[in-house]
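Okay, so here's the structure we're looking at.
Numbers here simply count residues along the sequence, with the first being 1. Keep in mind it's a predicted model, so treat the numbers as computed, not measured.
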Amino acid sequence: MKRIITTLIVLISLSFTAYSQNQKIKDAAKEKVEELNQEIIAGNKDLALSQDQKDKIYSLHIARIEEVRKARKNGSDKDELKVINKKYFQQIYNDVLSKEQKKARRAGKDDSED
């Protein structure tokens, strides 16, 4: 009986840990989407991300974060991590954002740095 209770406690704690890590990934991805949207809005309010764009960028960030974590776990160096990040950011900037949104982002980012 003690073994069963101990096993259940271990399984429950492992599931909470997994949920917590998944939530961290989702929160980080959501934060990146909002950060990008704010940069675009700072450049031009009319070019804010659509919900479809937000969803695509969100899923790309989740995939990026998971791939970076796996690479770190496997002992990848900074150059390999840069390649992973570059792959996903290129997809976001080339496939999801319009040219106007990229220009607005640059303008909004430049304004916030000044």
Side-chain angles (χ1 to χ4, degrees):
M1 187 67 167
K2 286 183 181 181
R3 277 188 168 175
I4 293 173
I5 293 173
T6 305
T7 304
L8 286 175
I9 291 172
V10 169
L11 288 174
I12 290 171
S13 64
L14 286 175
S15 66
F16 281 125
T17 303
Y19 172 77
S20 174
Q21 287 186 352
N22 283 338
Q23 193 60 40
K24 285 181 184 177
I25 291 172
K26 290 177 183 179
D27 290 344
K30 187 175 182 179
E31 185 178 311
K32 287 291 189 183
V33 172
E34 287 307 313
E35 183 180 307
L36 176 61
N37 196 34
Q38 290 305 314
E39 289 172 355
I40 293 170
I41 290 171
N44 186 339
K45 293 179 184 176
D46 298 330
L47 296 174
L49 294 173
S50 68
Q51 188 59 46
D52 185 48
Q53 287 176 312
K54 286 181 181 180
D55 293 341
K56 288 177 183 176
I57 295 169
Y58 177 78
S59 58
L60 284 169
H61 275 300
I62 287 177
R64 178 187 65 83
I65 292 168
E66 288 174 346
E67 190 170 338
V68 166
R69 282 188 175 186
K70 284 180 188 175
R72 282 186 178 149
K73 216 177 211 183
N74 295 331
S76 296
D77 63 4
K78 286 184 178 183
D79 291 333
E80 292 173 280
L81 297 177
K82 283 182 182 180
V83 169
I84 293 169
N85 282 320
K86 184 176 181 178
K87 174 178 78 170
Y88 285 99
F89 282 112
Q90 281 181 338
Q91 285 180 333
I92 291 169
Y93 293 116
N94 294 333
D95 299 340
V96 180
L97 297 181
S98 68
K99 287 181 182 181
E100 293 82 15
Q101 286 173 319
K102 287 187 269 188
K103 287 178 186 177
R105 179 190 165 269
R106 269 187 239 115
K109 194 171 181 182
D110 290 343
D111 289 345
S112 67
E113 289 178 356
D114 292 338

Query raised in the report: Do Leu60 and Tyr93 sit in the same hydrophobic cluster, where Ile, Leu, Val, Met, Phe, Trp and Tyr count as joined when their side-chain heavy atoms come under 4.5 Å apart?
Result: yes
Query raised in the report: Taking it one step at a time, do Ile92 and Leu36 satisfy side chain to side chain contact (heavy atoms under 4.5 Å, CB included)?
Result: CA-CA 10 Å; Ile92 291 169; Leu36 176 61; 4.1 Å; yes
Query raised in the report: Just wondering, are more than 12 heavy atoms of other shown residues or ligands nearer than 6.0 Å to CD in Glu34?
Result: yes
Query raised in the report: Does Lys102 NZ have over 12 foreign heavy atoms under 6.0 Å away?
Result: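 More than 12 heavy atoms, drawn from other residues, nucleotides or ligands, come within 6.0 Å of this atom.
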Taking every non-hydrogen atom, the tightest pair across [X] and [Y]:
{"X": "Ala29", "Y": "Ile62", "result": "CB-CG1, 3.6 Å"}
{"X": "Ser76", "Y": "Leu81", "result": "CB-CD2, 4.3 Å"}
{"X": "Gln53", "Y": "Val96", "result": "NE2-O, 3.0 Å"}

When you compare the side chain of [Y] with that of [X], does any pair of heavy atoms fall below 4.5 Å?
{"X": "Leu97", "Y": "Leu49", "result": "yes"}
{"X": "Tyr88", "Y": "Gln91", "result": "yes"}
{"X": "Asp27", "Y": "Lys30", "result": "no"}
{"X": "Leu47", "Y": "Ile41", "result": "no"}

Rounded to the nearest 0.5 Å, what's the gap from [atom1] on [X] to [atom2] on [Y]? Could you check?
{"X": "Arg105", "Y": "Asn44", "atom1": "CZ", "atom2": "CG", "answer": "15.0 Å"}
{"X": "His61", "Y": "Arg64", "atom1": "NE2", "atom2": "CZ", "answer": "5.5 Å"}
{"X": "Asp52", "Y": "Lys54", "atom1": "CG", "atom2": "NZ", "answer": "12.0 Å"}

Requested in this report: Check step by step if side chain to side chain contact (heavy atoms under 4.5 Å, CB included) holds for Ile65 and Arg69.
Outcome: CA-CA 6 Å; Ile65 292 168; Arg69 282 188 175 186; 4.1 Å; yes
Query - Verdict with supporting geometry, Glu100 and Lys103, side chain to side chain contact (heavy atoms under 4.5 Å, CB included) - result: CA-CA 5 Å; Glu100 293 82 15; Lys103 287 178 186 177; 5.7 Å; no
Query raised in the report: Going through the checks in order, is the side chain to side chain contact (heavy atoms under 4.5 Å, CB included) test met by Tyr58 and Lys32?
Result: CA-CA 8 Å; Tyr58 177 78; Lys32 287 291 189 183; over 6 Å; no
Query - Under 3.5 Å donor-acceptor, Asn74 side chain and Lys70 backbone - result: yes
Requested in this report: Taking only Lys NZ, Arg NE, NH1 and NH2, and the carboxylate oxygens of Asp or Glu, determine whether Glu67 and Lys87 approach each other closer than 4.0 Å.
Outcome: yes
